[in-house]
A.B. asks: 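Pasting in a structure now, in structure tokens, and then I'll have a few things to ask.
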Amino acid sequence: MSTKRLLSTADFHAIPPIIRNSLQWAHNSTAQSNTPFLPKGPSVLATNLIKSYSERGLIKEARILFDEMPERDVVAWTAMIAGYTSCNHYSHAWAMFCEMVRNGVEPNAFTLSSALKGCKSMKALSYGALVHGLAIKHGMKESMYVNNALMDMYATCCVSMDEACMVFQEIDVKNAVSWTTLITGYTHRGDGYGGLRVFRQMLLEEAELNPFSFSIAVRACTSIGSYTLGKLIHSAVITHGFDTNLPVMNSILDMYCRCGCLSEANQYFHEMNEKDLITWNTLITGYERLDSTESLHIFSQMESEGFSPNCFTFTSVTAACANLAVLNCGQQVHGGIVHRGLDGNLALANAVIDMYAKCGSISDSRKVFSEMTCRDLVSWTTMMIGYGAHGYGKEAVELFDEMIRSGIRPDKIVYMAVLSACSHAGLVDEGLRYFKSMVGDYNITPNQEIYGCVVDLLGRAGRVEEAYELIESMPFKPDESVWGALLGACKAHKLPNLGKLAARRVLDLRPNMVGTYVMLSNIYAAEGKWGEYANMRKLMRGMGSKKEAGRSWIEVRDQVYSFVVGDKMGSHIKWVYGVLDLLIWHMKEAGYVPDLDCLIHDQEDAT
DNA sequence: GTAGGGTTAG
């Protein structure tokens with residue numbers, strides 16, 4: 001029997017030689033399975049090969065081999081189901097499982113835990129529950145593997161942790177995997193406190209601790225942003241001797257970064273005697289959020305130390321370029337992405353769209369967006385936010401409609417993007433139509449942010465009374481962002497009475513917002529109520545707080561210069577003022593009249 | 001011969 005008969009010649013030669021040889025050997029052996037050395041019945045070698053193929057991503061070859069097997073037992077079926085799961089072909093895994101049951105092959109604990117892993121990945125609760133039923137039917141409630149897989153599936157697919165906890169409680173003797181699966185269930189759904197509660201219980205019951213339990217416990221601290229608890233667990237990691245385990249160290253590094261302790265993160269990073277790509281990515285990502293310039297330095301350091309960046313690295317580096325609005329650098333990074341063939345990665349392409357938009361090149365955003373072979377909700381949303389920020393409301397609206405036509409279900413965030421774009425482009429009626437459709441067609445309940453967008457939409461267009469009526473009709477108490485949107489509209493359209501009311505509401509909810517005092521005092525000043533004005537100013541001085549100075553930045557000859565009003569930045573200032581003069585000239589040409597009143601009052605004593 | 005939990009992006 002020739003192996004080549006199984007596959008086309010081209011396919012056969014595409015297989016790595018080491019596999020090709022073993023395949024040849026295995027086929028020769030199975031062909032001689034009537035020799036006394038090999039057992040009759042399903043081929044053990046073929047099953048091994050199915051696993052071998054799947055591990056190397058050669059799932060099609062595994063399937064061909066499976067189909068050629070004259071007899072298939074439960075082990076062969078399970079190898080095939082697990083193979084599909086490990087190659088992320090979950091629906092195939094499920095189809096295979098169903099076919100196996102239909103063929104009358106009785107599943108064992110291996111089969112059920114493999115099938116459950118597929119259900120978890122597909123978030124298919126009904127399939128998972130079916131497997132649970134089969135586990136009970138076939139008397140496999142005692143299998144630790146099945147129970148742990150059931151917990152994992154329920155924790156991932158259910159709205160609450162109740163079902164996973166129920167399975168957990170029914171396990172007589174829990175092992176380390178049972179505990180960590182439960183903690184992971186809580187932590188991955190954002191309930192770090194729940195995860196830490198289980199971790200504490202694990203310590204109280206003196207369950208076996210291993211690196212897995214510590215890395216997830218650290219992750220739980222990170223998710224609640226608790227530096228204190230994180231530090232405590234870090235000490236426990238050292239006490240238990242897991243401080244040389246790389247995933248544990250990486251999660252600790254991530255904890256320091258996300259808790260905003262960059263100097264501690266940096267120190268910890270330099271003390272680590274082993275580092276992998278995740279270590280570098282974690283640090284780069286941590287710096288990207290708080291100090292983008294430094295994150296780019298770390299990136300170049302990483303490359304000089306011989307690490308090759310992956311999708312995660314590039315996503316953070318691209319975001320850093322976006323934060324800094326450095327087009328030239330962003331273009332180079334994009335070049336690196338294409339050069340390494342990573343431009344097909346969805347999340348990375350989304351980051352590139354965002355980067356070009358934030359660096360001012362919306363046409364490049366659109367180019368990347370158009371060339372994507374598959375797009376998710378984030379891709380469409382990012383593109384719409386970009387259009388909105390550039391004032392292209394019509395394009396954003398068209399994109400939204402195109403997205404709906406392509407069958408993507410909108411969420412609150414994409415509605416915020418399109419509403420904000422409508423707002424900035426004065427497309428009031430379109431925006432209101434989307435707001436109605438969101439509630440009517442998609443059953444999305446508007447939250448504070450959405451109401452804030454619609455108030456802004458009406459307010460900017462001068463329909464301030466309508467905006468106020470909308471606020472009055474809200475089914476819950478409006479927060480300061482909603483009142484803030486109304487206040488902005490009152491200021492722009494010179495409505496002192498409604499403006500005072502809005503400002504009072506904002507101050508009730510956020511008494512420390514100095515900007516609101518500035519706006520309120522300016523309203524009094526505009527009305528000539530100097531006594532009230534003086535009271536406001538006195539209040540602000542009493543608070544001792546400062547209004548954050550408005551910072552601007554500009555890219556001149558591949559350098560980004562950041563500055564505030566009246567800044568003197570040394571010799572480079574002449575470049576900046578040169579470009580600013582040009583911009584001001586263009587703005588005046590376009591008929592722009594600056595709102596100098598507020599500027600004077602802002603500067604007087606608030607900066 | 002087949003099965004498990006942890007760390008990085010959006």
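Residue numbers start from 1 in every chain, and the chains themselves are labelled A, B, ... in the order their sequence lines are given, proteins ahead of strands.
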A.B. asks: Give one of base, sugar-phosphate or nothing for Met80(A), where a contact means two heavy atoms less than 4.0 Å apart.
C.D. replies: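 If one applies the 4.0 Å heavy-atom cut-off, Met80(A) turns out to touch nothing in the nucleic acid.
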A.B. asks: Are any of the side-chain heavy atoms of Met80(A) and Ile59(A) separated by less than 4.5 Å?
C.D. replies: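 Touching, per the 4.5 Å side-chain cut-off.
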A.B. asks: For Glu208(A) and dG4(B), what is the distance between atoms CD and C1' respectively, to the nearest whole Å?
C.D. replies: 14 Å
A.B. asks: Picking from dT2(B), dG4(B), dA9(B), which would you name as closest to the side chain of Val75(A)?
C.D. replies: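 In terms of side-chain proximity for Val75(A), the closest of dT2(B), dG4(B), dA9(B) is dT2(B).
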A.B. asks: Report the distance from atom CZ of Phe199(A) to atom P of dG5(B), rounded to the nearest whole Å.
C.D. replies: 19 Å
A.B. asks: Is the base of dA3(B) touched by the side chain of Ser113(A) through a donor-acceptor pair closer than 3.5 angstrom?
C.D. replies: yes
A.B. asks: Are a donor atom and an acceptor atom from the side chains of Asp254(A) and Tyr256(A) found within less than 3.5 Å of each other?
C.D. replies: no
A.B. asks: Base, sugar-phosphate or nothing for Asn48(A)? Non-hydrogen atoms, less than 4.0 Å.
C.D. replies: sugar-phosphate
A.B. asks: Looking only at heavy atoms, what is the nearest atom pair of Glu106(A) and Val74(A), with distance?
C.D. replies: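 Minimum heavy-atom separation between Glu106(A) and Val74(A): O-CG2, 3.4 Å.
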A.B. asks: Looking at the side chain of Phe110(A), which of dG6(B), dT2(B), dT8(B) is the nearest nucleotide?
C.D. replies: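 Of the options given, the side chain of Phe110(A) lies nearest dT2(B).
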A.B. asks: From the set dG5(B), dG1(B), dT7(B), return the single nucleotide nearest to any side-chain atom of Thr180(A).
C.D. replies: dG5(B)
A.B. asks: Taking the side chain of Thr47(A) as its heavy atoms from C-beta onward, which of dG1(B), dG5(B), dT8(B) lies nearest to it?
C.D. replies: dG1(B)
A.B. asks: Give one of base, sugar-phosphate or nothing for Leu346(A), where a contact means two heavy atoms less than 4.0 Å apart.
C.D. replies: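 Since a base atom lies under 4.0 Å of Leu346(A), the category is base.
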A.B. asks: Which whole-number value in Å describes the distance from Phe97(A) CZ to dA3(B) P?
C.D. replies: 16 Å
A.B. asks: Base, sugar-phosphate, or nothing: which does Asp376(A) touch, judged by heavy atoms less than 4.0 Å apart?
C.D. replies: nothing
A.B. asks: Of all the choices, dT2(B), dG5(B), dT8(B), which nucleotide is nearest to the side chain of Thr282(A) once you look at every atom?
C.D. replies: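 Nearest nucleotide to the side chain: dT8(B).
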A.B. asks: For a quick test of your reading: what N or O donor-acceptor pairs under 3.5 Å do the side chains of residues 149-157 of chain A make, sequence neighbours left out?
C.D. replies:
| residue | atom | partner | partner atom | Å |
| --- | --- | --- | --- | --- |
| Asp152(A) | OD2 | Lys120(A) | NZ | 3.2 |
| Tyr154(A) | OH | His132(A) | ND1 | 2.7 |
| Thr156(A) | OG1 | Asp152(A) | O | 2.8 |

A.B. asks: Are Glu305(A) and Lys275(A) within salt-bridge range, i.e. N to O under 4.0 Å?
C.D. replies: no
A.B. asks: Looking at dG1(B), dT8(B), dA3(B), which one has an atom nearest to any side-chain atom of Arg219(A)?
C.D. replies: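 Selected nucleotide: dT8(B).
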A.B. asks: Starting at CD1 of Ile252(A) and ending at P of dT8(B), how long is that distance when rounded to a whole Å?
C.D. replies: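 After rounding, the reported distance stands at 13 Å.
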A.B. asks: Between Ser316(A) and Thr285(A), does any side-chain donor sit less than 3.5 Å from a side-chain acceptor?
C.D. replies: yes
A.B. asks: Heavy atoms from C-beta onward define the side chain here; which of dA9(B), dT7(B), dA3(B) lies closest to that of Thr315(A)?
C.D. replies: dA9(B)
A.B. asks: In terms of side-chain geometry, is the basic nitrogen of Arg56(A) or Glu61(A) positioned less than 4.0 Å from the acidic oxygen of its partner?
C.D. replies: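 Salt bridge: no.
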A.B. asks: Whole Å only: how far is the CE atom of Met140(A) from the C1' atom of dA3(B)?
C.D. replies: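 Rounded to whole Å, this separation is 12 Å.
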A.B. asks: Rounded to the Å, how far apart are Lys117(A) NZ and dT2(B) C1'?
C.D. replies: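 Result: 13 Å.
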A.B. asks: Looking only at side-chain atoms of Thr184(A), point me to the closest of dT8(B), dA3(B), dG6(B).
C.D. replies: dG6(B)
A.B. asks: Once hydrogens and angles are ignored, does a donor-acceptor distance under 3.5 Å link the base of dG1(B) to the side chain of Asp73(A)?
C.D. replies: yes
A.B. asks: Does any donor-acceptor pair link the side chain of Thr181(A) with the base of dG5(B) at a separation under 3.5 Å?
C.D. replies: no
A.B. asks: Quick check for you: among dT7(B), dT8(B), dG1(B), whose closest atom lies nearest to any side-chain atom of Phe312(A)?
C.D. replies: dT8(B)
A.B. asks: Ignoring backbone atoms, test whether Arg289(A) places a side-chain nitrogen or oxygen under 4.0 Å from the OP1 or OP2 oxygen of dT8(B).
C.D. replies: no
A.B. asks: Is there side-chain contact between Val418(A) and Tyr415(A), with at least one heavy-atom pair below 4.5 Å?
C.D. replies: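 Contact flag for Val418(A)/Tyr415(A) side chains = yes.
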A.B. asks: To the closest 0.5 Å, what do you measure between CZ (Arg340(A)) and CZ (Phe314(A))?
C.D. replies: 4.5 Å
A.B. asks: Just to be sure I understand the geometry, which residues of residues 220-249 of chain A put a non-hydrogen atom under 4.0 Å away from DNA chain B?
C.D. replies: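 Those residues whose heavy atoms fall under 4.0 Å from DNA chain B, taken from residues 220-249 of chain A in numerical order, are Asn245(A), Pro247(A), Val248(A).
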A.B. asks: Using atom CD1 of Ile171(A) as one end and atom P of dG4(B) as the other, report the distance to the nearest whole Å.
C.D. replies: 16 Å
A.B. asks: With a 4.0 Å cut-off on heavy atoms, is Ala176(A) in touch with a base, just the backbone sugar-phosphate, or nothing at all?
C.D. replies: base
A.B. asks: Is Asn210(A) touching bases, backbone alone, or none of the nucleic acid, heavy atoms closer than 4.0 Å?
C.D. replies: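 Base contact.
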A.B. asks: Could you check how far CE of Met151(A) sits from P of dG4(B), rounded to whole Å?
C.D. replies: 15 Å
A.B. asks: Looking only at side-chain atoms of Tyr145(A), point me to the closest of dT2(B), dG4(B), dG6(B).
C.D. replies: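 Looking only at heavy atoms from C-beta outward on Tyr145(A), the closest nucleotide is dG4(B).
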A.B. asks: Could you tell me whether the phosphate oxygens of dT2(B), OP1 or OP2, come under 4.0 Å of any side-chain nitrogen or oxygen in Lys51(A)?
C.D. replies: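 For dT2(B), OP1 or OP2 has a side-chain N or O of Lys51(A) closer than 4.0 Å.
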